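A quick write-up on the structure given underneath.
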Amino acid sequence: MKILPKTYAPSEIEDSLYQKWMDKGYFHAKADVDRKPFTIVMPPPNITGQLHMGHALDNTMQDILIRYKRMQGYSALWQPGTDHAAIATEVKVIDKLKKEGKRKEDLGREGFLKECWDWKEEYGSRIINQLKKLGSSADWDRERFTMDEGCSEAVKEVFIRLYNKGYIYKGSRIINWCPVCQTSISDAEVEHVDQDSFFWHIRYPIVGEEGRYVEIATTRPETLLGDTAVAVNPEDERYRDLVGKLLKLPLTDREIPVIADAYVDREFGTGCVKITPAHDPNDFEVGKRHGLPELNIMHDDATIDCPGSKYDGMDRYEARKAMVADLEAEGLLVKVVPHSHSVGTHDRCKTTVEPMIKPQWFVKMDEMAKPAIEALRDGRLQFVPESYGKTYLNWLEGIHDWCISRQLWWGHRIPAWYCEDCGETIVARETPERCPKCGGRHLKQDEDTLDTWFSSALWPFSTLGWPEKTEELKYFYPTDVLVTGYDIIFFWVIRMVFSALEQTGELPFHTVLIHGLVRDAKGRKMSKSLGNGIDPLEVVEKYGADALRLTLMTGNAPGNDMRFYWERVEAARNFANKVWNASRFIMMNLGEKAPERPAAEALTAADRWILSKCNALAAEVTENLDKYELGIALQKIYDFIWEEFCDWYIEMVKPRLWDKEDTSRDAALWTLKEVLSRSLKLLHPFLPFITEEIYCTLNENEESIMVASWPRSEDSLSFPKDEREVESVKEAVRAIRAVRSSMNVSPGRQAAVYVVSEDAGIRANFARAESFFAMLARASKVHIQADHTGIAEDAVSAVIPGANLYIPFADLVDTEKELLRLAKEEERLNSEIQRSNGMLKNQRFLDKAPAEKVEVEREKLKKYEQMLQQLREQMAHLKKH
């Protein structure tokens, strides 16, 4: 039999093993009517992406599930792919062009798109190759891209279907606008950051009532130019008489009404709120309710758009300063109060987002949200943990129409054309030849592209060939589990659910497994700005992919954040080494031919105990994995291998292995190999590389652990009686070790052990276990008896259920040596007491030393005196012997 190298070196085996799996086609799933399907779709990473710890955690969890199901016999598909990431890619390409002295506009749309495709070809597979380093066993033969031909056709099909149904429309609503990137952006791309600012308190004069004002407080005085009303709460008695009156809008020649709306919080600020429908989402809704005009007072670059005004053309913050100065000059600025508040910024360029009314394409959400809500309520869709279902519901129940158009060139172009002769809008799959309304040929396609989330919302079914009725779609859809972080429930999970229900009539998956974030050792979110990010590939290079995976999954609980410590990686590496060394030890003892399975009666109690424990482990781990308790499953496997198998069973059987004449030796060898093989299978989804290398070395006739069958609990391997008996012996060993530890007995010193029990069954149990019990308890001789005959009065005792354990005191302690050691310690303590007494009797010390130092010295003296008393009692006890 082959034997493992002495040292486990991940860097020397991982790449070759991964290539072996790829060459053998183990990752490829087929539509097989004789097997059940199991499908996971990979959340598509951006083509601009670099692997980070969040990716590593997310993909490790998916890989664990897919490897587990593959071993269970499912046709398990892990569908991979990448996202075109419209804004992120466009920003990268623009930066690249800038370094080359070029501008996007100079290239034109076609030229710029060529640059984007070139970028995709060069960098698009980078993160996929990094995922492979983790051991990700996705079906790379089926890799998709959100802008490949099939996915693009699906996007176009959905747009046209929703448009024809009246669910997609073009209109003017509040959107998030980035003045730097000059595009609308999704909520997912808005990062809320706390910023120090101010509340500016401003007077709005009441028309016709000289000297009377309404005071408002705002964090954005520059939007005053777009105010079309001031609102008060209808229940607020302070302002009830003002409702319906007009106010003079400062710095303008306009008059605006006072309106009553329950949106206003009477307790916040002054109780009067300026309403700017074109630049605030809440004000937009108030404006709709009251039929207020919507005045957009900004250009796309966030400069003021007020022709004839002195502020026209100013940057929004430049205008803010000028307007505040003018308000103060006119006596309308009451006060300025410091205020910290959350401000939306674009996560790409960090620019403060401007809420703005613009004509955009939207999806009506009220009807599509209903079946998505019902799916959770009736139990067809489940979240793990269940609490995240509330987040899902809260967002859906308060959902707004979805802005899907982006002012970008990279992405799926909106399939809409405008007739320049009559203004008709034509939505079609291909460019129309003439206008269906007027017959005109002057047609121009909409310049905008679709929100990236529009295409990724179709991912679970577009990747399988929809809208074509492919064999893969019929077999692998709906998928089973979505694994994702809690931070994109709103933005992606919900969109997939309502899109799938609308287009396919089925949920895209039945379970959403939510994981938390990987934080640094201090609990902070990893970020470039903090410089606290850890490159997963650095961990892989130093410790191996298995160590990283084990680190990420140890203690992992659904939905909970975890902290990354290098010490945890080292502990994971140590576990891998433990498994490797134990496996190597077993192989060294197996010899050329592994023994065949023995008859049950040929197995010892220790053999049956470990087989039974391993059998129960298989059932428990299977149950945990089916409940998505990945961290719990891993901990059980870890504890079993490290403690039960390595620290107990292997130590138990060593006397049998070393004695070539022992008739139970073959039973021990078979048990070692059997338990190791089953343990490696259970561990494989978590640590794929080391388990593959060990398993294929141990089982030379098997090609891969990946295609080995998952261990199942078998009645023939359940031995509850032997489990109880061996656990009793283990408890005795632990009790003896505790006694030896408390007495500082040298590990190499042996002592006689007496096991006293009136129970014949217990005595028989210890008799059967005598060989390994003696070795584990460091016993020079084991006496098993029903009474206390022959036990010295000074024997040290320990108690276990049904039996007492005794160890002769003289066997544990060399009295002469111990007395010499204690005499030296007595001398040292006397010296310390003399020194401490001298200081405390020194008046100069007492007068000049700080009170704290004097108290410390008194405490020292007290401690030394107590130690000396205990030591003398110990010496007196020894002298009696």
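Everything quoted here is computed from the prediction, not taken from an experiment. Only this structure's heavy atoms are used, side chains among them; waters, hydrogens and symmetry mates stay out.
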Working for side-chain contact (heavy atoms from CB on, under 4.5 Å), residues Leu113 and Leu107: CA-CA 9 Å; Leu113 289 179; Leu107 296 177; over 6 Å; no

Over 12 foreign heavy atoms within 6.0 Å of [atom1], [X]:
X	atom1	result
Lys92	NZ	no
Glu397	CD	yes
Lys133	NZ	no
Lys350	NZ	yes
Glu105	CD	yes
His400	NE2	no

side-chain hydrogen bond (donor to acceptor under 3.5 Å, both in side chains) contacts touching residues 362-371 (sequence neighbours left out):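 The answer is Glu367-Lys370.
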
Stepwise side-chain hydrogen bond (donor to acceptor under 3.5 Å, both in side chains) check, Asp58 with His515: CA-CA 8 Å; Asp58 193 71; His515 61 76; 2.6 Å; yes

Is the shortest heavy-atom distance from the side chain of [X] to the side chain of [Y] under 4.5 Å?
X	Y	value
Glu502	Arg161	no
Glu110	Trp409	no
Asn176	Ser186	no
Val512	Gln382	no
Leu537	Gln130	yes
Asp63	Leu134	no
Ser499	Val158	no
Pro558	Ile514	no

Just how far is it from atom [atom1] of [X] to atom [atom2] of [Y], taken to the nearest 0.5 Å?
X	Y	atom1	atom2	answer
Arg144	Asp139	CZ	CG	12.0 Å
Cys349	Ile87	SG	CD1	8.5 Å
Ile534	Arg519	CD1	CZ	14.5 Å
Tyr477	Thr479	OH	OG1	7.0 Å
Lys96	Thr89	NZ	OG1	13.0 Å
Thr39	Trp78	OG1	CH2	13.5 Å

Candidate pair Ser184 and Gln407, rule side-chain hydrogen bond (donor to acceptor under 3.5 Å, both in side chains), full reasoning: CA-CA 7 Å; Ser184 59; Gln407 291 62 54; 3.3 Å; yes

Geometric class of the Phe38/Tyr74 ring pair [parallel <30°, tilted 30-60°, perpendicular >60°]: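 Rings of Tyr74 and Phe38: perpendicular, over 60°.
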
Any side-chain donor-acceptor pair under 3.5 Å between [X] and [Y]?
X	Y	value
Trp466	Gln503	no
Thr352	Arg316	no
Tyr123	Asp118	no
Gln182	Asp300	no
Gln79	Glu472	no
Arg406	Thr449	no

Would you call [X] and [Y] a salt bridge, using N to O less than 4.0 angstrom?
X	Y	value
Lys69	Asp480	no
Glu374	Arg380	no
Arg441	Asp421	no
Glu153	Arg429	no

Distance under 6.0 Å and angle within 45° of ring axis: Lys444 vs Trp417: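 Output no; distance or angle outside limits.
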
Worked check of side-chain contact (heavy atoms from CB on, under 4.5 Å) between Ile404 and Trp453: CA-CA 8 Å; Ile404 56 172; Trp453 297 104; over 6 Å; no

Residues Tyr486, Asn560; criterion side-chain hydrogen bond (donor to acceptor under 3.5 Å, both in side chains); working and verdict: CA-CA 9 Å; Tyr486 59 63; Asn560 287 357; over 6 Å; no

Criterion side-chain contact (heavy atoms from CB on, under 4.5 Å) on Val493 and Thr484, from CA distance to verdict: CA-CA 9 Å; Val493 176; Thr484 189; 3.8 Å; yes

Test side-chain hydrogen bond (donor to acceptor under 3.5 Å, both in side chains) applied to Trp459 and Asp83, step by step: CA-CA 10 Å; Trp459 192 245; Asp83 195 305; over 6 Å; no

Tell me whether [X] contacts the main-chain N or O of [Y] through its side chain, where contact means a donor paired with an acceptor under 3.5 Å.
X	Y	result
Thr470	Leu473	yes
Arg495	Ser456	no
Ser342	His192	no

Sub-6.0 Å ring centroid separation between Trp410 and Trp119: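 No - the distance between ring centres of Trp410 and Trp119 does not fall below the 6.0 Å cut-off.
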
Sub-6.0 Å ring centroid separation between Tyr18 and Tyr26: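 For Tyr18 and Tyr26, the ring centres are not under 6.0 Å apart.
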
Of all pairs that satisfy ring pair (Phe, Tyr, Trp, His ring centres under 6.0 Å), the ones with a partner from residues 348-376, not counting sequence neighbours: Phe159-Trp361, Tyr169-Phe362

Chi angles and distances behind the side-chain contact (heavy atoms from CB on, under 4.5 Å) call for His442, Cys419: CA-CA 6 Å; His442 301 102; Cys419 176; 6.0 Å; no

